[in-house]
Amino acid sequence: MEATPADGRRYEKDIATDSAATFAARLGPGMHCFFAMDGERIVHATWVTSVAAWTRELRAYLVPPAGHAYIYESYTSPAARGRGAYPFVLLHIVAWAASSGLTKLWVAIEEDNAPSLRAVEKAGFAPEFQISFSRSLGRLVIELPRPTPDRLALEKKFSDDGG
């Protein structure tokens with residue numbers, strides 16, 4: 001389900017990464033959050049932006065190209081892990097994005113996060129490119145994206161036939 005500002009208190013209680021007010025303030029044009037529920041409890045949350053998202057790893061904003069969106073900050077509660085919540089939400093996001101006129105979705109995953117890599121593959125995403133970065137003496141060094149089989153950055157492209 002797509003979140004609304006009214007879900008702030010539940011998000012604060014179940015996910016606990018934002019206060020109710022901060023959660024509500026984050027939602028807006030181009031910024032969405034999607035949930036998987038177990039009864040009245042949020043067991044998974046994923047954010048989607050077509051405008052910009054802060055990336056703690058790069059310490060910079062990631063801004064998707066026009067017609068694209070970036071999926072980020074996904075969280076599954078420990079009790080719900082391994083039950084398919086993340087791929088379920090991703091499939092819902094794919095359907096929502098296609099009906100919203102988006103042509104491509106991006107999701108970045110750290111290379112050692114095997115459960116998330118499996119989840120996005122279950123939802124039909126395919127590797128597109130790899131971004132490597134390092135820090136030395138407080139300075140961030142980012143390598144330019146390059147094609148990769150390493151499954152770090154995955155994308156979902158939509159065609160006119162819905163695939």
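- Listed here is the closest heavy atom pair of A36 and A85: CB-CB, 4.1 Å.
- Of all the heavy atoms in D14 and I42, the pair that sits closest is OD2-N, 2.8 Å.
- Around atom CZ of F88, no more than 12 heavy atoms belonging to other residues, nucleotides or ligands sit under 6.0 Å away.
- The two residues A24 and P5 make their nearest non-hydrogen contact at CB-CB, 3.9 Å.
- R83 and D38 get closest at one heavy-atom pair: NH2-OD2, 3.7 Å.
- Under a hydrophobic-cluster definition in which Ile, Leu, Val, Met, Phe, Trp and Tyr are linked whenever side-chain heavy atoms come within less than 4.5 Å, directly or via other members, I15 and M37 are assigned to the same cluster.
- Inter-residue side-chain proximity for Y86 and P115 is flagged as unmet; no heavy-atom pair is nearer than 4.5 Å.
- Residues W96 and V89 fall within the same hydrophobic cluster, defined by Ile, Leu, Val, Met, Phe, Trp and Tyr side chains chained together at heavy-atom separations under 4.5 Å.
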Taking it one step at a time, do T55 and Y72 satisfy side chain to side chain contact (heavy atoms under 4.5 Å, CB included)?
CA-CA 9 Å; T55 58; Y72 69 105; over 6 Å; no
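- Residues W106 and E128 have side chains in contact (heavy-atom distance under 4.5 Å, counting atoms from C-beta outward).
- Atom CD1 of I93 is separated from atom CG of L102 by 11.0 Å, given to the nearest 0.5 angstrom.
- Taking a cutoff of 4.0 Å between a charged side-chain nitrogen and a carboxylate oxygen, R10 and D7 qualify as a salt bridge.
- Taking the six-membered ring for Trp and the full ring otherwise, the centers of F23 and W47 sit less than 6.0 Å from each other.
- Taking hydrophobic clusters as Ile, Leu, Val, Met, Phe, Trp and Tyr residues chained together by side-chain heavy-atom distances below 4.5 Å, V43 does not share a cluster with V48.
- Of the possible donor and acceptor atoms, none in the side chain of T76 sits under 3.5 Å from a partner among the backbone N and O of H44.
- Of the inter-residue distances, the one linking R41 atom CZ with K13 atom NZ reads 7.0 Å to the nearest 0.5 angstrom.
- Contact check for T17 versus E73: side-chain heavy atoms found under the 4.5 Å cut-off.
- From M1, atom CE reaches atom SG of C33 across 9.5 Å, with rounding to the nearest 0.5 Å.
- Taking both residues in full, the closest heavy atoms of L117 and V120 are given as O-CG2, 3.3 Å, listed atom of the first, atom of the second, then distance.
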Candidate pair L90 and F34, rule side chain to side chain contact (heavy atoms under 4.5 Å, CB included), full reasoning:
CA-CA 9 Å; L90 287 172; F34 293 86; over 6 Å; no
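- Placement of F35 and L27 within a single hydrophobic cluster is found when ILVMFWY residues are connected by side-chain heavy-atom separations under 4.5 Å, directly or transitively.
- Interatomic distance, OG1 of T103 versus NE2 of H68, reported as 4.0 Å (0.5 Å rounding).
- To the nearest 0.5 angstrom, E110 atom CD is 9.5 Å from S116 atom OG.
- Heavy-atom neighbours of R81 CZ from other residues, nucleotides or ligands within 6.0 Å: above the threshold of 12.
- The shortest heavy-atom contact between A52 and V63 is CB-CG2, 3.9 Å.
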Dump the intermediate steps for side chain to side chain contact (heavy atoms under 4.5 Å, CB included) on V107 and F125, then the final yes or no.
CA-CA 9 Å; V107 59; F125 287 74; 4.0 Å; yes
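- The CG atom of L105 lies 12.5 Å from the OH atom of Y70; values are rounded to the nearest 0.5 Å.
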